[in-house]
Amino acid sequence: MSTPETTAPEAPRHFIRQIIDADLASGKHPTVVTRFPPEPNGYLHIGHAKSICLNFGLALEYKGRCHLRMDDTNPAKEEVEYVESIKEDVRWLGFDWGAHDHNASDYFGRMHADAVRLIELGKAYVCHLSLEEMRAHRGDLVTPGKPSPWRDRPVAENLDLFAKMTRGELDEGSAVLRAKIDMASPNLLMRDPVIYRIRKASHHRTGDAWCVYPMYDYAHPLEDAYEGITHSICTLEFEIHRPFYDWLLRTLDTPAKPQQIEFARLNLTYTVMSKRRLLELVQERRVAGWDDPRMPTISGLRRRGIPASAIRRFCETIGVTKHNSLTDVALLEHAVRDELNRTAPRAMAVLDPVRLVIENYPEGASEELEAVNNPEDPAAGSRKVPFSRTLLIEREDFMEDAPRKYFRLTPGQEVRLRWAYFVRCTGCVKDADGKVVEVRCTYDPATRGGDAPDGRKVKGTIHWVSEPHAGDVEVRLVDRLFLKEDLNDLAEGEDWRAHLNPGSLRVARAKVEPSLLALAPGAAVQFERVGYFVADAKDSSPGKPVFNRTVTLKDSWAKAAAKA
RNA sequence: UGCCCGAUGGUGUAAUGGCAGCACGACUGACUCUGACUCAGUCUGUCUAGGUUCGAAUCCUAGUCGGGCAACCA
């Protein structure tokens with residue numbers, strides 16, 4: 001597991017850091033304890049990564065600790081499969097919760113005892129209103145609610161009824177436990193919220209031990225208090241829940257009084273982030289699974305070849321605020337390129353091959369040339385690449401009638417074959433349809449290795465593979481999943497699925513230099529002049545890698561050409 | 001119609017009463033054995049109107065715009 005870089009001292013003092021600084025300075029807390037509390041009902045995505053980096057990052061930064069806690073209070077929606085994937089993803093991101101592997105369900109006993117205490121305090125009651133009746137009693141945004149007819153029943157009766165609920169003697173939906181607060185509160189969440197409901201369902205951890213399950217609003221503050229969380233960081237939509245959070249801790253007078261702090265969730269261009277939509281993509285088979293390389297899930301990003309360090313860096317870059325924003329996915333891509341440029345070994349692969357014949361190179365001969373593995377990292381060393389008379393180059397690296405400033409192969413022009421020789425184009429061979437089937441050239445033996453002893457320069461360098469030595473591999477040209485920038489900005493009735501990019505996955509064959517065949521599954525590589533790729537961790541087999549494109553290289557020529 | 005929260009270049013953010021800064025992006029150009037990287041330069045911003053102050057992105061008031069809130073979900 002990689003160790004996350006400690007945050008630079010000049011890191012922006014975002015508002016949460018400022019709150020913590022103040023709390024530490026005032027002595028309110030001796031240390032920082034945060035938590036990451038996912039509900040195990042789906043896979044983690046890049047938005048969760050923001051929260052993970054924030055919570056675990058803060059703990060690291062302040063030498064406190066961060067707990068991992070499964071918020072498993074709803075037996076109907078949660079599964080073990082998700083628990084495992086969540087742990088794997090957090091670990092992969094580089095974080096460690098140590099011994100603090102918790103579950104909301106660990107506290108069902110304590111929460112229940114606290115509910116009994118609430119009843120004894122006269123602050124909770126059993127209510128039999130149906131869903132519809134309760135909605136009607138709640139009032140609305142502008143009109144106060146009406147009290148439930150059971151609001152003032154005696155403590156003893158509440159105790160007895162809650163015990164019956166707990167023993168499973170009451171039917172689902174026939175009763176709930178409600179906090180008794182204020183039916184006229186302008187905050188609807190304070191109008192006697194439900195805190196326990198009957199669910200005769202089997203829970204993935206507690207089995208059939210319980211017939212009543214706590215609601216999130218009741219459970220979460222208690223979980224935080226039990227664990228001694230100091231700063232309970234969540235997303236903006238929970239802001240309105242904070243008064244109840246504080247009310248509960250105050251009413252129960254818990255020894256610990258964690259503080260809930262809200263920040264804006266991550267939105268990314270060309271990306272859907274809601275669990276519901278991601279689930280639908282999987283269920284409707286619009287992607288191959290949760291870990292499809294096009295998915296913004298942690299497992300998808302991992303399979304796509306995006307390094308954990310790039311995700312961490314990205315999360316630090318985007319900052320933490322209280323206002324909604326839409327982050328350009330280019331920021332993520334930049335973090336990925338930046339990391340991979342430093343670390344990924346280079347190799348040559350031709351995605352759209354056309355044959356290049358060197359007329360003056362001996363037939364049947366071959367040799368090995370030295371190629372640098374990573375110009376950005378001398379320690380990466382070099383490798384041998386086979387060379388012969390017949391090579392394969394990218395089709396787009398030859399043009400019969402080239403525009404000015406086209407530095408690649410065109411009749412009469414000299415270019416460098418990367419790490420090999422200078423070659424001068426002599427022409428091409430076409431088939432009956434006029435399609436180029438072969439490019440011809442001559443080479444200068446004196447330029448072996450790629451430099452001319454006479455000091456002459458070429459403007460262009462192109463990549464190549466030796467046809468007789470080339471490996472043939474599958475490459476998956478992964479592109480953005482959606483064509484629309486802001487998937488949250490949809491017209492009434494507009495289906496987000498209509499913006500799916502039909503070209504988000506193009507499967508192709510590529511010709512590659514032999515060294516690439518030995519690449520370990522999960523290893524990143526740069527195909528020179530093309531992009532960063534990763535040997536797919538799932539579908540690669542020994543000697544037979546399958547490559548996923550992580551991100552393309554920037555291509556200012558393509559941009560210029562498109563403009564012309 | 002109520003309550004809560006927010007607003008800084010195209011995008012993400014910093015500045016917490018004292019020179020509006022950084023990163024991404026776009027556009028030039030230099031360099032280059034990757035038209036990559038790197039480097040240099042250019043571009044573009046404090047929602048509006050009042051007020052407080054020597055001085056306001058920052059404090060106050062009003063407005064505008066955006067987001068959230070009426071699951072026995074989290």
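All chains are named by letter (A, B, ...) in the order of the sequence lines, taking the proteins before the strands, and each is independently numbered beginning at 1.
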Given [options], the nucleotide with the shortest approach to the side chain of [X]:
| X | options | result |
| --- | --- | --- |
| A:Ile240 | B:rC72, B:rC5, B:rC69 | B:rC69 |
| A:Glu237 | B:rC3, B:rC37, B:rG68 | B:rG68 |
| A:Leu188 | B:rG12, B:rC27, B:rA70 | B:rA70 |
| A:Leu189 | B:rU11, B:rA70, B:rC5 | B:rA70 |
| A:His323 | B:rG2, B:rG12, B:rA7 | B:rA7 |

Practice task
Give a yes or no on whether a salt bridge exists between A:Glu172 and A:Arg197, defined as a side-chain N under 4.0 angstrom from a carboxylate O.
Solution key: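 No salt bridge links A:Glu172 with A:Arg197.
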
Problem - Under-3.5 Å donor-acceptor pair between A:Arg529 side chain and B:rG35 base - result: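 Looking at the base of B:rG35, it does not pair with any donor or acceptor on the side chain of A:Arg529 (distance under 3.5 Å).
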
Handout entry: base_contact_polar (B:rA74 base, A:His241 side chain, donor-acceptor, <3.5 Å)
Key =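 Looking at the base of B:rA74, it does pair with a donor or acceptor on the side chain of A:His241 (distance under 3.5 Å).
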
Problem - Residue pair A:Ser105 / A:Asp72, side-chain donor-acceptor N/O under 3.5 Å - result: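 Their side chains do contain a donor-acceptor pair, which is all the 3.5 Å distance test asks for.
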
With a non-hydrogen cut-off below 4.0 angstrom, is [X] in contact with a base, only sugar-phosphate, or nothing?
| X | value |
| --- | --- |
| A:Thr321 | sugar-phosphate |
| A:Arg418 | base |
| A:Leu177 | nothing |
| A:Leu326 | sugar-phosphate |
| A:Glu39 | sugar-phosphate |

Handout entry: Stem regions touching RNA chain B, defined by at least 3 consecutive Watson-Crick or wobble G-U pairs below 3.5 angstrom
Key =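 Stems (3+ consecutive pairs) listed as B:2-7 with B:64-69, B:10-13 with B:21-24, B:25-30 with B:38-43, B:47-51 with B:59-63.
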
Pairwise N/O distances under 3.5 Å, protein to nucleotides 65-67 of chain B:
| residue | atom | partner | partner atom | Å |
| --- | --- | --- | --- | --- |
| B:rG67 | O2' | A:Asn324 | ND2 | 3.0 |

